[in-house]
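Data block below; observations after.
Because the structure is predicted, anything quoted here is derived from the model rather than measured.
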Amino acid sequence: NELVSKIDKNNKTIRIGISGVPGVGKSTFIESFGLFLIEKGHKVAVLAVDPSSKRTGGSILGDKTRMEKLSIENKAFIRPSPNAGHLGGVTKKTRESILCLESAGYEFIFIETMGVGQAETEVYNMVDIFLVLLLPAGGDDLQGIKKGIIELADLLIVNKADQSLSSVANMTINDYQNALSIISSTRNGWHPKALKCSATENTGIIDIYKQIMKFIKIMKRNGNFFETRKRQNINWLWEIVQNNISNYIKNNIKNKKFTSYIENEILNENMDINKASNKILVNYLKNFK
C-alpha cells in the first residue's frame, strides 16, 4: 500500500477494457491490436483475468499461450491473474497493477475480463474506454450478454469477420447499431459505435485504433477523461473499504465462539436465519466500537 501510494498519477496512458462471450477471440484480438501498437512504437501491457475453480481455487492462466507472438515482444508485458472468487470479471489488485504498469512506461493497458455477464461491468469503472467483442450472426447474443453490458460499451466490435463471414458481420453490425440507437450514451459527447474486424486476418484494426484515439481526444477535450478517472478513485476507495470489511469478517468473526454458537443454532434449526445474521452484526458492531 505504501509503495502504491508513492506512484504519481499518469493521464497520458490509455486503459482499455475488453469483454465478450467465451470463444469470441478476446486474446487473439488483443494480440493483433497489441502488435499493431508496438509497430507504431508504443509499449503494451495486458492484464488477463482467469476464472478460479470454486472447488480447488486453481486457475489455468493460459492467456500467454494464446498470445504467442505478443508475449515474446520486448515492448509487451502480459500477466494472467486468477480472479480468486472476486466478482466483476477482474481481480482484487487489478487497479494496483494498472498503476504499476503505467509507472513502468506502458502506454496502452488492456484489461481482459474472464467472460461476459451482469457481473463483468466492474471493469468499466477502471478503464478509459470499454470494448465489447461480439460474434458474427450473434444477434441473439443481445439476450445472452445482458443489457447492462451493451449500455456500458463505448465500442461494439464484431470479431471473426473473416472474408467468408464479412456479409454476415455487416448484418450483425446493423442489428447492434440499431440497438445502440435506442440506448442513451453514458459518455458526454460520444455515442457508441459498432465496428467489425478479423483479428486472425488483421483487418479492421486500424479503424478501431482510429475510433479509440478519437474517443480519447473527445473525452480529454471536454474534460470527461479526467473526471472519469477521479470518479473511479471514489469507486476504488469503497472497493478497498468493502474488501477490508470482508477480510475482517473472514479473519476475526467467522472463527469466534459466538459465531460458532449461531451456526450451530442454524444447523439445529433453533434460530431464524435473518435474526441470526442480525445477532452477528450487532455483536460485530459492539466489539468494533
Side-chain angles (χ1 to χ4, degrees), residues 13-51 59-83 89-91 94 97-98 100-102 104-116 120 123 126-136 138 145 149 153-166 169 172 194-213 215-216:
T13 61
I14 298 177
R15 306 168 183 173
I16 304 172
I18 306 282
S19 195
V21 294
V24 75
K26 294 188 292 292
S27 297
T28 307
F29 171 78
I30 291 173
E31 179 174 58
S32 180
F33 199 3
L35 291 171
F36 168 80
L37 292 171
I38 288 172
E39 285 182 7
K40 292 182 71 67
H42 299 295
K43 291 183 71 177
V44 175
V46 181
L47 296 173
V49 182
D50 230 23
S59 294
I60 296 174
L61 304 178
D63 292 272
K64 271 192 176 185
T65 64
R66 293 197 293 269
M67 303 182 199
E68 293 180 8
K69 294 179 181 178
L70 186 63
S71 62
I72 60 174
E73 288 285 340
N74 290 329
K75 290 188 176 182
F77 177 88
I78 304 172
R79 181 176 176 82
S81 299
N83 79 315
V90 292
T91 73
T94 298
S97 299
I98 291 172
C100 291
L101 290 168
E102 288 177 339
Y106 291 93
E107 302 150 284
F108 286 82
I109 300 169
F110 293 90
I111 296 92
E112 178 193 348
T113 69
M114 60 184 178
V116 76
E120 305 298 316
V123 69
M126 57 180 68
V127 297
D128 303 314
I129 183 168
F130 186 44
L131 278 53
V132 175
L133 269 58
L134 308 161
L135 291 165
I145 64 177
I149 287 285
D154 298 306
L155 288 176
L156 291 177
I157 299 171
V158 179
N159 190 25
K160 299 190 177 181
D162 307 334
Q163 288 184 352
S164 59
L165 292 172
S166 183
T172 306
L195 304 168
K196 70 175 182 178
C197 77
S198 171
T200 55
E201 296 179 355
N202 292 319
T203 58
I205 299 297
I206 295 176
D207 291 336
I208 294 169
Y209 169 75
K210 287 180 179 178
Q211 287 298 325
I212 289 175
M213 299 312 294
F215 172 88
I216 296 297

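One distance of note links CG of Asn202 with CZ of Phe33; it measures 12.0 Å at 0.5 Å rounding. Separating the CD1 atom in Ile18 from the CG atom in Leu47 is a distance of 12.0 Å, to the nearest 0.5 Å. Within the model, atoms NZ of Lys196 and OG1 of Thr203 stand 7.5 Å from one another, a figure rounded to the nearest 0.5 Å. Interatomic distance, Ile129 CD1 to Phe215 CZ, rounded to the nearest 0.5 Å: 4.5 Å.
For Lys160, the side-chain contact (heavy atoms from CB on, under 4.5 Å) partners two or more places apart in sequence, or in a different chain, are Leu135, Pro136. Legend: residues meeting side-chain hydrogen bond (donor to acceptor under 3.5 Å, both in side chains) with Glu102, ordered by chain and number and at least two apart, are Thr13, Arg15. Applying the side-chain contact (heavy atoms from CB on, under 4.5 Å) test to Glu107 and every residue at least two apart in sequence or in another chain returns His42, Lys43. The side-chain contact (heavy atoms from CB on, under 4.5 Å) search around Leu35 returns Glu31, Lys69, Leu70, Glu73, not counting sequence neighbours. Applying the side-chain contact (heavy atoms from CB on, under 4.5 Å) criterion to Ala199, with sequence neighbours excluded, gives Thr28, Phe29, Ser32, Asn159.
Contact record, Ser71 with Glu68: OG-O, 3.0 Å, taken as the closest heavy-atom pair. Here the closest heavy-atom approach between residue Glu112 and residue Ser27 is recorded as OE2-OG, 3.2 Å. Nearest heavy-atom pair across Asp154 and Asp128 is OD2-O, 4.4 Å. Contact record, Ser19 with Thr113: OG-OG1, 3.1 Å, taken as the closest heavy-atom pair. Here the closest non-hydrogen pair linking Leu101 and Ala45 is CD1-CB, 3.7 Å. For the residue pair Lys26 and Val21, the shortest heavy atom distance occurs at NZ-O, 3.7 Å.
Among the candidates Leu131, Val127, Ile109, the single residue satisfying the side-chain contact (heavy atoms from CB on, under 4.5 Å) test with Ile16 is Leu131.
Taking the side chain as every heavy atom from C-beta outward, Leu134 and Thr172 never approach each other to under 4.5 Å. Considering only heavy atoms from C-beta on, Phe36 stays 4.5 Å or farther from Ile208 through its side chain.
Between Phe108 and Tyr209, the ring planes are tilted. Angles from 30° to 60° get that label.
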